[in-house]
Number of protein chains: 2
Amino acid sequence: MRIGELAARAGVSVRSLRYYEEQGLLTSTRSLSGQRHYTDDEVERVRLIQRMYGAGLSSRTIAEVLPCVDTPSEQNSDEAFERLVQERDRISRHIDELAEARDALDRLIEVNRVHRAQQLTPR
Amino acid sequence: MRIGELAARAGVSVRSLRYYEEQGLLTSTRSLSGQRHYTDDEVERVRLIQRMYGAGLSSRTIAEVLPCVDTPSEQNSDEAFERLVQERDRISRHIDELAEARDALDRLIEVNRVHRAQQLTPR
DNA sequence: CTTGCATCTGACGTCAATGTCAGGTCTTAG
DNA sequence: CTAAGACCTGACATTGACGTCAGATGCAAG
């Protein structure tokens, strides 16, 4: 498929796909005229990449981790594997941080609910 | 206290505090010479602000919900209250998204562990 | 008084993922 | 064949929360 279809199927912009390629996260075969062509598998790959971006990984970090996706078990993925574990842990810590923030907002919400209820029934 | 002490106590940079003021998240009284002065309470306020930033709220959004911190129960905080609930929900959704990403990484880690184990004991 | 550190304002720099535009080529339906 | 729409490269624009620097002033200690 060409880049437009991949973009539509994976739910990202064409611009982003070109950027992923530039960052070494995605490869394409080129037609004689230079247009990018992709296989069906790339759809899932792009979705995974998106997920990693969503989890706060940078292009560089994703590139570092991708060997674990492409060639698990390779000796040369030692760094990649370590990085992968590292990022998983970072995400876990981030989740905890978010949970604390959510709890703080929940407390705020509760306080405000109480005050609002009082206002509705002043006596 | 002056800005340097507040920065140290709240664990942020002086630059950030000035920025928060610029964004309407923080106020200060000024000495005759124009220096900012803060009360002890501001330390907690800054920490709360930091938490909100950490949870992905923008300056604008934080400014919108702060009325719930400053004057809960006021009629005019209707919008603020709604926004607060909205953000709480957004954070919850983000947590779910992160959890999914973490699970994806966990699966990757598991696959790689297996392959690496095989390599260590080839026969 | 002066020396040195804190503070002030204002402005420009940063970083990363992506939007957007320009000017040109490719492909495909009719 | 032709027009429309997809695609190409290259480049500049954007956004937000700061970092950083310059030049000036304030303040506490010796």
Side-chain angles (χ1 to χ4, degrees), chain A residues 1-39 42-43 45-66 87 90 94 97-98 101, chain B residues 1-39 42-43 45-66 83 87 90-91 94 97-98 101:
Chain A
M1 82 194 82
R2 291 191 299 169
I3 198 169
E5 187 179 344
L6 178 58
R9 286 223 256 160
V12 305
S13 71
V14 166
R15 176 69 175 89
S16 293
L17 293 181
R18 296 204 188 101
Y19 179 72
Y20 298 168
E21 182 167 325
E22 189 184 320
Q23 299 299 307
L25 311 181
L26 196 60
T27 53
S28 58
T29 57
R30 299 299 188 107
S31 69
L32 291 177
S33 61
Q35 299 204 336
R36 293 171 178 84
H37 285 265
Y38 302 94
T39 65
E42 315 285 9
V43 177
R45 187 183 183 91
V46 171
R47 291 205 178 118
L48 177 61
I49 291 173
Q50 274 290 102
R51 216 164 219 177
M52 292 184 178
Y53 274 123
L57 307 223
S58 67
S59 294
R60 201 167 103 73
T61 304
I62 296 176
E64 278 174 35
V65 155
L66 278 182
E87 288 304 314
R90 195 191 50 73
H94 193 199
E97 188 191 322
L98 285 183
Chain B
M1 82 194 81
R2 291 190 298 169
I3 199 170
E5 189 179 344
L6 177 58
R9 285 224 256 159
V12 305
S13 70
V14 167
R15 176 66 174 94
S16 294
L17 294 180
R18 296 205 188 101
Y19 178 72
Y20 298 167
E21 182 168 326
E22 188 184 320
Q23 299 299 308
L25 311 181
L26 196 60
T27 53
S28 59
T29 58
R30 298 298 189 110
S31 69
L32 291 175
S33 61
Q35 299 202 336
R36 293 171 177 85
H37 286 265
Y38 303 94
T39 66
E42 315 284 10
V43 177
R45 187 183 182 89
V46 171
R47 291 205 178 118
L48 177 61
I49 291 173
Q50 273 290 103
R51 222 170 213 171
M52 292 184 178
Y53 274 123
L57 307 225
S58 68
S59 294
R60 201 166 104 72
T61 304
I62 297 176
E64 279 174 34
V65 304
L66 278 181
R83 195 64 203 250
E87 289 303 315
R90 194 192 50 73
I91 293 172
H94 193 198
E97 188 191 320
L98 284 182

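Numbers restart at 1 for each chain; the letters A, B, ... are given by sequence-line order, proteins then strands.
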* Spacing of A:Leu25 atom CG relative to C:dT18 atom P, expressed in whole Å -> 10 Å

* Could you state the atom-to-atom distance from NE2 of A:His37 to C1' of C:dT27 in whole Å? => 10 Å

* Nearest whole angstrom, please: distance from the P of D:dG16 to the OH of B:Tyr20. => 15 Å

* Could you please name the option among C:dA6, C:dT18, D:dC8 that lies closest to any side-chain atom of A:Arg15? => C:dT18

* Asked: OP1 or OP2 of D:dC8 less than 4.0 angstrom from a side-chain nitrogen or oxygen of A:Arg36, does that happen here?
  -> yes

* Asked: What pair of heavy atoms forms the shortest contact from B:Val43 to B:Ala10, and how long is it?
  -> O-CB, 4.2 Å

* Structure fact -> Here the distance between atom P of C:dA17 and atom CD of A:Glu21, to the nearest Å, is 16 Å

* Structure fact -> Which of D:dA17, D:dC8, C:dC8 is nearest the side chain of A:Gln35? It is D:dC8

* Would A:Arg60 and A:Glu64 satisfy salt bridge (Lys or Arg N to Asp or Glu O under 4.0 Å), going step by step from the backbone distance to the final call? -> CA-CA 6 Å; A:Arg60 201 167 103 73; A:Glu64 278 174 35; 3.2 Å; yes

* For B:Arg30, which contact category applies under a 4.0 Å heavy-atom criterion: base, sugar-phosphate, or nothing? -> sugar-phosphate

* Nearest-neighbour nucleotide for the B:Ile3 side chain, C:dG19, C:dT7, D:dC18 considered -> C:dT7

* Taking atom P of C:dG19 as reference, at what distance in whole Å does atom CD of A:Glu22 sit? -> 14 Å

* Spacing of B:Leu17 atom CG relative to C:dT9 atom P, expressed in whole Å -> 13 Å

* Which of the following nucleotides, D:dC8, D:dC18, C:dT18, is nearest to the side chain of A:Gln50? -> C:dT18

* To do: Considering just the side-chain nitrogens and oxygens of A:Tyr19, establish if one lies under 4.0 Å of OP1 or OP2 belonging to C:dA17.
  => yes

* Structure fact -> Regarding the side chain of A:Arg2, the nearest nucleotide among D:dC7, D:dT9, C:dG19 is D:dC7

* **Residue A:Ser13, side-chain atoms from C-beta onward, closest of C:dA17, C:dC8, C:dG19** => C:dG19

* Between B:Arg2 and B:Glu5, is there a side-chain N and carboxylate O pair less than 4.0 Å apart? -> no

* Rounding to a whole Å, what distance do you find between A:Arg9:CZ and D:dA6:P? -> 17 Å

* **Chi angles and distances behind the side-chain hydrogen bond (donor to acceptor under 3.5 Å, both in side chains) call for A:Tyr53, A:Ser59** => CA-CA 8 Å; A:Tyr53 274 123; A:Ser59 294; 2.6 Å; yes

* D:dG16 P sits how many Å from B:Tyr53 OH, rounded? -> 11 Å

* Considering only side-chain heavy atoms of B:Ser33, which listed nucleotide, D:dT9, C:dA17, D:dG26, is closest? -> D:dG26

* Salt bridge or not for A:Arg90 and A:Glu87, using N-O below 4.0 Å? -> yes

* Would you mind telling me which residue lines up with the more 5' stretch of DNA chain C, A:Leu32 or A:Ser59, judged by nearest nucleotide? => A:Ser59

